[in-house]
K.L.:
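My questions all concern the structure below.
Note: hydrogens, waters and symmetry copies are ignored here, and every other heavy atom, side chains too, is used. The chains referred to below are lettered A, B, ... by the order of the sequence lines, with proteins before strands, and numbering in each begins at 1.
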Protein chains: 2
Amino acid sequence: MGASKSSYFTASQNELARCFKALAHPARIAIIAHLLEVEACVCGDIVEKLPLSQPTVSQHLRELKEVGLIKGSIEGNRICYCLDKTAFANMQHYFDLILQHKNASECC
Amino acid sequence: MGASKSSYFTASQNELARCFKALAHPARIAIIAHLLEVEACVCGDIVEKLPLSQPTVSQHLRELKEVGLIKGSIEGNRICYCLDKTAFANMQHYFDLILQHKNASECC
DNA sequence: TTTTGTTATTGCAATATTACGATAAAGATT
DNA sequence: AATCTTTATCGTAATATTGCAATAACAAAA
């Protein structure tokens with residue numbers, strides 16, 4: 001019955017899926033787009049930009065942070081978030097591997 | 001309430017999230033890995049390789065097909081699946097854009 | 001035509017995600 | 001200290017995903 005048999009797959013397959021899952025919501029795509037554009041990346045700014053409540057944004061930020069796509073540093077009262085491009089580079093590598101793979105896969 | 005306010009976001013944000021969602025499960029990562037390795041890409045082969053039932057694999061294949069990451073062609077009785085590398089190239093472009101973006105984002 | 005083989009679909013139970021009000025936590029301000 | 005500001009967490013309702021048995025659909029084989 002139901003939901004996620006992650007123990008059946010390899011660690012790297014689970015990890016990769018976990019990273020993609022972090023990107024699998026438009027709000028988190030929007031957060032990333034915003035962090036890419038602005039210099040000041042205070043959490044409150046993101047809440048204002050998105051049509052979502054503060055707790056919901058905070059939850060999305062946590063999911064992005066948990067897979068390492070963003071970092072947050074405490075600045076007194078506030079928290080400054082920004083992208084960690086290393087994590088994005090790691091994910092890009094997955095597509096490199098697929099696209100560089102020479103096979104006859106285009107059989108259909 | 002709950003679950004998905006996709007109407008609040010742009011079409012491209014929703015589309016991108018939808019593609020990432022297709023990759024957000026280890027079984028689908030495993031299917032892609034298998035299609036990359038083998039020449040013969042008959043559906044039944046995938047079912048044998050994965051620790052999941054035939055209906056479950058069929059459902060995962062449909063999700064991959066719906067976002068264009070794989071294609072399926074009918075071969076008499078069977079269906080031959082393979083990767084569509086164009087779709088992967090499109091997704092890779094997202095990471096290109098982020099990584100090429102010159103900003104002071106590393107503020108944390 | 002009946003049977004067999006292969007894949008898709010349906011229906012449903014278990015689990016996960018999403019969203020937010022309420023509230024907690026903690027630094028800043030008065 | 002009391003209050004304000006900012007962010008995180010808890011609790012919970014609504015919705016989505018996952019997995020599979022049962023079954024349908026359909027071509028191939030007998």
Side-chain angles (χ1 to χ4, degrees), chain A residues 1-9 13-14 17-31 34-35 40-67 70-82 108, chain B residues 1-9 13-14 17-31 34-35 40-67 70-82 108:
Chain A
M1 320 108 211
S4 217
K5 303 181 105 178
S6 62
S7 60
Y8 290 176
F9 302 98
Q13 286 168 342
N14 283 312
R18 210 169 69 94
C19 289
F20 283 124
K21 189 178 291 185
L23 296 175
H25 194 287
R28 295 193 287 271
I29 297 292
I31 288 172
H34 186 252
L35 289 179
C41 43
V42 178
C43 174
D45 295 347
I46 302 170
V47 174
E48 284 185 6
K49 285 285 174 185
L50 295 189
L52 296 171
S53 72
Q54 179 271 321
T56 302
V57 171
S58 183
Q59 190 175 305
H60 283 307
L61 287 169
R62 183 174 55 185
E63 286 174 64
L64 288 170
K65 196 164 62 177
E66 274 174 359
V67 299
I70 67 175
K71 291 178 292 186
S73 65
I74 300 174
E75 287 190 358
N77 206 8
R78 321 163 135 202
I79 295 187
C80 173
Y81 282 105
C82 68
C108 306
Chain B
M1 320 129 205
S4 220
K5 302 181 104 176
S6 62
S7 60
Y8 291 175
F9 302 99
Q13 285 168 342
N14 283 313
R18 210 170 69 93
C19 289
F20 284 125
K21 190 179 289 184
L23 295 175
H25 194 287
R28 296 194 287 272
I29 297 291
I31 287 172
H34 186 252
L35 289 178
C41 43
V42 178
C43 174
D45 295 347
I46 301 170
V47 174
E48 284 186 5
K49 285 284 173 186
L50 295 189
L52 296 171
S53 72
Q54 179 271 321
T56 301
V57 171
S58 183
Q59 188 174 306
H60 284 307
L61 287 169
R62 183 173 54 185
E63 286 174 63
L64 287 170
K65 195 164 62 178
E66 274 174 359
V67 298
I70 67 174
K71 291 179 293 188
S73 65
I74 300 174
E75 288 190 357
N77 207 8
R78 322 164 134 202
I79 295 187
C80 174
Y81 283 105
C82 67
C108 307

K.L.:
Between C/dA8, C/dT7, D/dT18, which nucleotide gets closest to the side-chain atoms of B/Arg78?
P.N.:
C/dT7
K.L.:
Round to a whole Å and report the spacing from CD1 of B/Ile31 to C1' of D/dG19.
P.N.:
13 Å
K.L.:
Between atom CG in B/Leu52 and atom P in C/dT7, what is the gap in whole Å?
P.N.:
16 Å
K.L.:
Would you mind reading off the distance between B/Glu63 atom CD and D/dA16 atom P, rounded to a whole angstrom?
P.N.:
14 Å
K.L.:
With a 4.0 Å cutoff (strictly under), does any side-chain N or O of B/Tyr81 reach OP1 or OP2 of C/dT6?
P.N.:
no
K.L.:
Could you grab the distance from atom CD1 of A/Ile31 to atom CG of A/Leu23, nearest 0.5 Å is fine?
P.N.:
11.0 Å
K.L.:
Does A/His25 place a side-chain N or O at less than 4.0 Å from the phosphate oxygens OP1/OP2 of D/dA16?
P.N.:
no
K.L.:
Mind checking what makes side chain to side chain contact (heavy atoms under 4.5 Å, CB included) contact with A/Arg78, not counting sequence neighbours?
P.N.:
A/Val42
K.L.:
Given side chains that start at C-beta, do those of B/Phe9 and A/Ile29 come closer than 4.5 Å, heavy atoms only?
P.N.:
no
K.L.:
Reading nucleotides 21-28 of chain D 5' to 3', which nucleotides get B (base under 4.0 Å from a protein heavy atom), which S (sugar-phosphate only), which -?
P.N.:
BB----BS
K.L.:
So, using side chain to side chain contact (heavy atoms under 4.5 Å, CB included) as the criterion, who are the partners of B/Thr56 when residues are at least two apart?
P.N.:
B/Leu52, B/Ser53, B/His60
K.L.:
So B/Asp45 and B/His34, do their side chains get closer than 4.5 Å, heavy atoms only?
P.N.:
yes
K.L.:
With a 4.0 Å cutoff (strictly under), does any side-chain N or O of A/Lys21 reach OP1 or OP2 of C/dA16?
P.N.:
no
K.L.:
Return the value, rounded to whole Å, for the distance between atom CG of A/Leu64 and atom C1' of D/dT7.
P.N.:
16 Å
K.L.:
Give the rounded distance in Å between these two atoms: CZ of A/Arg18 and P of D/dT18.
P.N.:
16 Å
K.L.:
Is there a side-chain polar atom (N or O) of A/His60 under 4.0 Å from OP1 or OP2 of C/dT17?
P.N.:
no
K.L.:
Roughly, in whole Å, what's the span from CD in A/Glu48 to P in D/dT6?
P.N.:
9 Å
K.L.:
Among C/dT9, D/dG19, C/dT18, which nucleotide has an atom closest to any side-chain atom of B/Ser58?
P.N.:
C/dT9
K.L.:
Starting at CG of A/Leu61 and ending at C1' of C/dC20, how long is that distance when rounded to a whole Å?
P.N.:
15 Å
K.L.:
Please report the distance, rounded to the nearest Å, between CD in A/Gln59 and C1' in C/dA24.
P.N.:
16 Å
K.L.:
Can you work out whether A/Arg62 or A/Tyr8 has the more 5'-proximal nearest nucleotide on DNA chain D?
P.N.:
A/Arg62
K.L.:
Can you see which heavy atom on A/Cys41 is nearest to which on A/Leu35, and at what distance?
P.N.:
CB-CD2, 3.4 Å
K.L.:
Of B/Thr56 and A/Cys43, whose nearest nucleotide on DNA chain D comes first from the 5' end?
P.N.:
A/Cys43
K.L.:
Search all heavy atoms of B/Leu50 against all heavy atoms of B/Ala30 and return the closest pair with its distance.
P.N.:
CD2-CB, 3.7 Å
